[in-house]
2 protein chains.
Amino acid sequence: MDTNISRSRQQRQRIDKLLNTYGVNLTRQRHVIADTLFARDQHVTADKLFEAVNNSGTKVSKATVYNTLGLFVRKGLVREIFIDATRTFYDSNTSRHHHFYNVDTGDLIDMKERLAPHFIDQDLPDGTAMDMVDLVIRVKNKAP
Amino acid sequence: MDTNISRSRQQRQRIDKLLNTYGVNLTRQRHVIADTLFARDQHVTADKLFEAVNNSGTKVSKATVYNTLGLFVRKGLVREIFIDATRTFYDSNTSRHHHFYNVDTGDLIDMKERLAPHFIDQDLPDGTAMDMVDLVIRVKNKAP
DNA sequence: CTGCTGTTTAGAATAGTTATAAAACTGATT
DNA sequence: AATCAGTTTTATAACTATTCTAAACAGCAG
């Protein structure tokens, strides 16, 4: 009966280590947020994460969820994916990959890396350096 | 002294034809909006367009600018480019091309097509068809 | 001319996000 | 141990981009 307790303890330590590695100070709020976010590889909106966090017992304000996600992005723990003006996803998988976005269902799906294009660092606008490649293939459901 | 008048008449006719071709009913508001938008190939935000339109004499509400841009997108006259939660650009050039976005300056720059990747229609998620490819290369200013 | 129908407009409302002021923490000093 | 200064974190309140909806309008039929 202590499997749950010991698993959650392990999980807690895993998160502690992760946040430390990326130079993020530990707080109660950040812990719950990270815990929920890194439970698995996922694409989540700030709002959905806010719901999930607050359903898990601990109360955290929506602003804190945003601030924390912003911090995680700056520290490199998660990646922001802008789909449209009202849909920003946070990807708990930061490895180099791109996305399919289903405009009908709203699902964001990982693209196998081999499909992703390889870019040349030459030919960027003068005086600029590559920051990040944002590739989203918008797909729609086939009519049945 | 009638060069201006005749040019604007020509321009008016060009816009009339354009909107007709794409099946957009003509109204006073749509005409000013289209006139401003298609004056040249450009990347413009709804807000900037709203300003430009209202500086040119005719008063149009911001909601109408948004509604009209939405209509133009659906009809295929312009293309939406989502940069982040607070920045949606409308591109008056709908030909197949992609973009560089300078995160320091906020400029959106066309990418020469030959740099753009060529995608395969195979390997899309099951039951889906390609809708549109959104590729934005985020660049930052080189430190001097 | 009058009533009907679909379309267009724009004021008001909404939703996602951010700024700021207050709260909590840290850790040095007495 | 208590106090204080400085810093970090939180979350309320405010903001801004966008959309909804009710009213205005245009075009057609009788």
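Numbered from 1 within each chain, the chains take letters A, B, ... in sequence-line order.
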* To do: Check whether more than 12 heavy atoms from other residues, nucleotides or ligands sit under 6.0 Å from atom NZ of Lys17(B), and answer yes or no.
  => no
* Asked: With nearest nucleotides of DNA chain C determined for Lys59(B) and Leu26(A) from heavy-atom distances, which residue corresponds to the more 5′ nucleotide?
  -> Lys59(B)
* Asked: Crowded around Lys140(B) NZ? As in, over 12 foreign heavy atoms under 6.0 Å?
  -> yes
* Asked: At under 4.0 Å, does any side-chain N or O of Arg30(A) touch on OP1 or OP2 of dT10(D)?
  -> yes
* **Side-chain donor-acceptor contact under 3.5 Å, Asp47(A) with Thr45(A)** => no
* For a side-chain contact (heavy atoms from CB on, under 4.5 Å) with Ile15(B), tell me which candidate from Leu37(B), Asn20(B), Asp35(B) qualifies. => Asp35(B)
* Using a cut-off of 4.0 Å on non-hydrogen atoms, how would the nucleic acid contact of Thr64(B) be classed: base, sugar-phosphate, or nothing? -> base
* To do: Report the C-alpha separation of Asp110(A) and His43(A) in whole Å, then their side-chain angles, then the decisive distance to 0.1 Å, and conclude whether the side-chain hydrogen bond (donor to acceptor under 3.5 Å, both in side chains) test is met.
  => CA-CA 9 Å; Asp110(A) 281 340; His43(A) 306 118; 3.0 Å; yes
* Protein-to-nucleotide contact annotation, 5' to 3' order, nucleotides 16-26 of chain D [B base; S sugar-phosphate only; - none; under 4.0 Å, heavy atom] -> -SBB-------
* Is Gln29(B) near enough to dA10(C) that one of its side-chain N or O atoms lies under 4.0 angstrom from OP1 or OP2? -> yes
* So does Thr68(B) get a side-chain nitrogen or oxygen closer than 4.0 Å to the phosphate oxygens (OP1/OP2) of dT8(C)? -> no
* Whole-Å distance between dG16(C) P and Leu69(A) CG? -> 14 Å
